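Naming convention: chains lettered A, B, ... in sequence-line order (proteins, then strands); numbering from 1 in each chain. Note that the structure is a prediction, hence the values are computed from the model and not measured.
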Protein chains: 2
Amino acid sequence: MKELLKTKGFKMTPQRELIFSAFFELGEHVSVDELYAKVREVDESVGYSTVWRNLKLICRVGLAEEVNIGDGVTRYDRVTHDPHGHLYCRECKQFFEFDSEAVVDLMSAVADRQGFRPEGFKVEIDGVCRQCLRKSKKDNRNGRSGRSRTDAEKASGQAKG
Amino acid sequence: MKELLKTKGFKMTPQRELIFSAFFELGEHVSVDELYAKVREVDESVGYSTVWRNLKLICRVGLAEEVNIGDGVTRYDRVTHDPHGHLYCRECKQFFEFDSEAVVDLMSAVADRQGFRPEGFKVEIDGVCRQCLRKSKKDNRNGRSGRSRTDAEKASGQAKG
DNA sequence: GCACAAATGAAATCGAAATTCATTTGCAAT
DNA sequence: ATTGCAAATGAATTTCGATTTCATTTGTGC
């Protein structure tokens, strides 16, 4: 690791070491804030911008890549040997992963057909996960209803959503 | 269209009508700014927030959905009957599209396997498009080189990227 | 040790997204 | 056509994540 950085002209500092290892201890889909919190558990003095810059650095050297699901927060995924896609549950806001040889094959087939050189892909399926499906079924049985705001009310910017 | 809105409790206004039709005149991957510009060509008095809110409304009623490629700008895609994926060229920053029955099938297969109810999916392949591949080959032949900044220089936040 | 580029931390800045608020407008019921 | 009122509008503002600035400190090669 240290060598990977050195050969590219980067220095190794205590903060950097801490940030890197913290990133790899956390799972996938790490946001800057999450990483920052994790790092601060160990060393209170590390600055936010240092965490941010090092997260970018981790990407730059090819150990992670950005993931965007559209909630306004960029997350970072460790680059593994097996590419994967994401299932995102709209109810519980959680990520699930899936690996699929088939997806990879399909992606390259599609790219090939258009003379496109693929360098990476992102596959995201939005929906509702098993747990939440169960839960909402139960809620329906118990007769949960009560809508408080009309569609129009929600659409206008009059209240926090 | 007018009816679709009415049934959901929304009113039709001149601005809304203009914004909706402008959105559908523009192609895919429309940003708020693009739509705003388009709308202002016709009516100088329409406000930015009105455009923004109506673009959200278009999504809310299911006629469009957000697309995020990670460049910090949210774009909106018209929802068509045939779902599609995106090819994004890292060189020219352009989008290309592809349709594929196979992708859809694969997506639902993956979701099924995990008891996940899919409501939508996003497939993005990043890479380099045909044109840019050609261009970079040519550049190489002409001996373009010259690096001005080290990796470390680019990684630190000292200069605009 | 010395030189010097790289790295750091605090604060400032940027920009897209979202909201506030005073005012206007669509439209359903008179 | 008038009226009541929620929805819609536009300008300005706020929010908030991402990114940069800058003065200072720190690694590394010599």
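- Not a single donor-acceptor pair, N or O on each side, falls under 3.5 Å between the base of C:dA18 and the side chain of B:Lys56.
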Trace of the side-chain contact (heavy atoms from CB on, under 4.5 Å) decision for B:Phe121 with A:Val123:
CA-CA 7 Å; B:Phe121 71 85; A:Val123 176; 6.0 Å; no

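- Where B:Thr13 and B:Val32 each meet DNA chain C at their nearest nucleotide, the meeting point lying more 5' is that of B:Val32.
- A donor-acceptor contact closer than 3.5 angstrom links the side chains of A:Ser45 and A:Asp43.
- Between B:Glu66 and B:Lys56, at least one side-chain N (NZ, or NE/NH1/NH2) sits under 4.0 Å from a carboxylate O, which counts as a salt bridge.
- Counting non-hydrogen atoms under 4.0 angstrom, A:Ser31 reaches nothing in the nucleic acid.
- We find that OH of A:Tyr76 is positioned 10 Å from C1' of D:dG17, with the value rounded to whole Å.
- Contact annotation for B:Thr50: base contact, defined as any heavy-atom pair under 4.0 Å involving a base atom.
- Across all strands, B:Asp33 comes closer than 4.0 Å to no nucleic acid atom at all (heavy-atom distances).
- Atoms CZ (B:Arg53) and P (C:dA16) sit 19 Å apart, rounded to a whole Å.
- Using a 4.0 Å heavy-atom distance criterion, B:Ser49 is classed as a base contact.
- With respect to A:Glu25 and A:Lys38, a salt bridge is recorded, a charged nitrogen being found less than 4.0 Å from a carboxylate O.
- Toward the 5′ end of DNA chain D lies the nearest nucleotide of B:Arg16, the other residue of the pair B:Arg16 and B:Arg40 mapping further downstream.
- Distance B:Arg60 CZ to D:dA7 C1': 13 Å, rounded to the nearest Å.
- Atoms CG (A:Leu57) and P (C:dA6) sit 13 Å apart, rounded to a whole Å.
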